[in-house]
Q: 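A single structure is presented below for examination.
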Amino acid sequence: MRLLAVVLGGLGLVVSPAWGQPFSVSQQFGAAHEAYAHAQYEEAAERYRALLDSGHASAALYHNLGNAYVRLNRTGEAVWAYERGRRLQSEGPRLQHNLEYIRRRAGLPQGGLPPTGLGAVVAGWSPLVLFGIGMLALCAGAFGAVFRVGPGRSVAWYAPIVWGPVGAGLLLVAVALGASYVQAQERRAVVVSEATPLRSAPADTASVDTTLRPGRIVEPNTKRDKWARVRVGAETKGWIASRALREI
């Protein structure tokens, strides 16, 4: 296993490009990276969070924030930051590597919480890729119609070489939009507090079914005052304090 310093320093630390950013933002990035390089991880995390709060979110910024949280042994917040980064850059290998590392170190499930219903059907699908293929098929159908036009003939939309790609393109575009909608409805949150009790009811006096480690992925459903009802597994549900959660 690679040393943590290699994983989070040389491999994991991503310097976000500052081109096109206001000068003050570039300075904030530089100050955050410098604090991290000098092992001032609390300051680095605060500066990264300030950049996020000011609207400068990026996969690299969440990645760096996660690295700082790992150095501070704040497992739940590290997993949250890495998961947020994955939402923006699902194929980032270094970010994925660090996320797997922190989960392995904390004894957490690697796969997170599996989706259910239609979410399980479209899990792993790329709506952007499907949409792009659909648009290419539509363009192919349109070109086929144009090339089949001869003197005195109208556009041959009825020909299989035309309606085949057009029909397939429309179907793919519809599937892409549907998959994007279903994936957007999927809610996930990370337990960020230490030893969070999962209770049978939304009350401090309710019985405790189990205790959740920081970094555990849950699906929040119902909210009631300061409590949230969550799904932890296929058959495991319960109530935890809302302050212990941070939505991805």
Side-chain angles (χ1 to χ4, degrees), residues 4 8 41-54 57 61-63 65-88 95-96 98-123 181-248:
L4 181 60
L8 301 180
Y41 304 120
E42 191 69 53
E43 180 183 346
E46 290 178 1
R47 290 184 179 276
Y48 289 136
R49 284 301 302 268
L51 284 164
L52 289 173
D53 293 341
S54 63
L61 183 52
Y62 278 115
H63 188 183
L65 176 61
N67 291 347
Y69 282 146
V70 170
R71 291 291 197 170
L72 293 168
N73 291 317
R74 289 157 66 173
T75 301
E77 290 167 298
V79 171
W80 170 81
Y82 288 149
E83 289 285 1
R84 289 286 294 182
R86 283 212 311 165
R87 286 287 180 101
L88 300 177
L95 193 155
Q96 181 65 32
N98 285 9
L99 179 58
E100 291 174 358
Y101 173 84
I102 188 61
R103 280 178 169 160
R104 193 163 53 245
R105 194 182 78 168
L108 297 167
Q110 284 293 342
L113 184 64
T116 58
L118 287 177
V121 176
V122 301
Y181 175 79
V182 171
Q183 291 176 359
Q185 301 309 304
E186 183 182 80
R187 295 180 62 199
R188 292 291 184 270
V190 179
V191 177
V192 294
S193 298
E194 294 288 338
T196 301
L198 182 71
R199 300 185 181 274
S200 58
D204 291 324
T205 55
S207 60
V208 177
D209 296 328
T210 187
T211 301
L212 303 180
R213 296 180 180 181
R216 186 68 182 268
I217 303 292
V218 300
E219 178 185 9
N221 295 316
T222 307
K223 286 188 177 181
R224 186 179 300 175
D225 296 330
K226 61 178 183 179
W227 298 91
R229 190 170 188 268
V230 300
R231 178 174 70 91
V232 181
E235 302 295 333
T236 307
K237 298 178 181 179
W239 295 85
I240 66 175
S242 299
R243 65 178 181 275
L245 288 179
R246 189 172 294 176
E247 288 210 33
I248 299 173

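This chain uses plain numbering: 1 for the first residue, then up along the sequence. Treat the numbers as computed from the prediction; the structure is a model and nothing was measured.
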Q: Can you give me the closest heavy-atom contact between A78 and G66, atom names plus distance?
A: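 Closest approach of A78 to G66, heavy atoms only: CB-O, 3.7 Å.
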Q: Could you tell me which non-hydrogen atom of Y82 sits nearest to which non-hydrogen atom of L95, and how far apart they are?
A: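 Minimum heavy-atom separation between Y82 and L95: O-CD2, 3.1 Å.
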Q: Just verifying a value: how many Å separate L99 CG and R104 CZ, rounded to the nearest 0.5 Å?
A: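 Here the interatomic distance stands at 10.0 Å.
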Q: Please report the C-alpha distance between I217 and I248 in whole Å, then the side-chain angles of each, then the deciding distance to 0.1 Å, and finally whether the side chain to side chain contact (heavy atoms under 4.5 Å, CB included) criterion is met.
A: CA-CA 9 Å; I217 303 292; I248 299 173; 3.9 Å; yes
Q: Go through the structure and list residues passing ring-ring contact (aromatic ring centres under 6.0 Å, His included) with Y69, not counting sequence neighbours.
A: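 Counting only residues at least two positions away or on another chain, Y69 forms no ring-ring contact (aromatic ring centres under 6.0 Å, His included).
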Q: Could you walk me through whether Y41 and N67 pass side chain to side chain contact (heavy atoms under 4.5 Å, CB included), step by step?
A: CA-CA 9 Å; Y41 304 120; N67 291 347; over 6 Å; no
Q: Going by the rule side-chain hydrogen bond (donor to acceptor under 3.5 Å, both in side chains), which residues pair with E194 if we only count those two or more places apart in sequence or in a different chain?
A: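 Applying side-chain hydrogen bond (donor to acceptor under 3.5 Å, both in side chains) to E194 gives none.
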Q: In chain order, what residues pass the side chain to side chain contact (heavy atoms under 4.5 Å, CB included) check against L52, with sequence neighbours excluded?
A: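 Only R49, A57, L61, Y62, L65 meet the side chain to side chain contact (heavy atoms under 4.5 Å, CB included) criterion with L52.
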Q: Just to verify, what does E46 make a salt bridge (Lys or Arg N to Asp or Glu O under 4.0 Å) with, not counting sequence neighbours?
A: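 Partners of E46 under the salt bridge (Lys or Arg N to Asp or Glu O under 4.0 Å) test: none.
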Q: Please name the pair of heavy atoms, one in L245 and one in A228, separated by the smallest distance, quoted to 0.1 Å.
A: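 Shortest heavy-atom separation between L245 and A228 comes out as CD1-CB, 4.1 Å.
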Q: Tell me, which pairs form a side-chain hydrogen bond (donor to acceptor under 3.5 Å, both in side chains) where one or both residues lie in residues 206-215, sequence neighbours left out?
A: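 Those involving residues 206-215 are S200-S207.
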Q: Quick one: salt bridge (Lys or Arg N to Asp or Glu O under 4.0 Å) partners of R86, sequence neighbours excluded?
A: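 E83.
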Q: Less than 4.5 Å apart, any side-chain heavy atom of L198 and any of T236?
A: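 In short, these two side chains touch, coming nearer than 4.5 Å.
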Q: Suppose we screen for side-chain hydrogen bond (donor to acceptor under 3.5 Å, both in side chains). Which residues come up paired with R47, at least two apart in sequence or across chains?
A: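 With neighbours one apart ignored, the set is E43.
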Q: Rounded to the nearest 0.5 Å, how far apart are NE2 of H63 and CG of N98?
A: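 One finds 4.0 Å between NE2 of H63 and CG of N98.
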Q: Do you know which two heavy atoms are closest between I240 and P197, and how far apart they sit?
A: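 Looking at all heavy atoms of both residues, the shortest contact is CG2-O, 3.4 Å.
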Q: Tell me, which pairs form a salt bridge (Lys or Arg N to Asp or Glu O under 4.0 Å) where one or both residues lie in residues 236-248, sequence neighbours left out?
A: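 Every pair satisfying salt bridge (Lys or Arg N to Asp or Glu O under 4.0 Å) with a residue in residues 236-248: E77-R246, R187-E247.
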Q: How close do T75 and L108 get, heavy atom to heavy atom, and via which atoms?
A: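 Of all heavy-atom pairs spanning T75 and L108, the closest is CG2-CD1, 4.3 Å.
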Q: Checking D204 now: which residues fulfil salt bridge (Lys or Arg N to Asp or Glu O under 4.0 Å) with it, not counting sequence neighbours?
A: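 Listed in chain order: K226.
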Q: Rounded at 0.5 Å granularity, tell me how far CH2 in W227 sits from CZ in R199.
A: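 So the gap between those two atoms works out to 5.0 Å.
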Q: Taking all atoms of both residues into account, what is the closest heavy-atom pair of A195 and P214, and its distance?
A: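 Result for this residue pair: N-CD, 4.2 Å.
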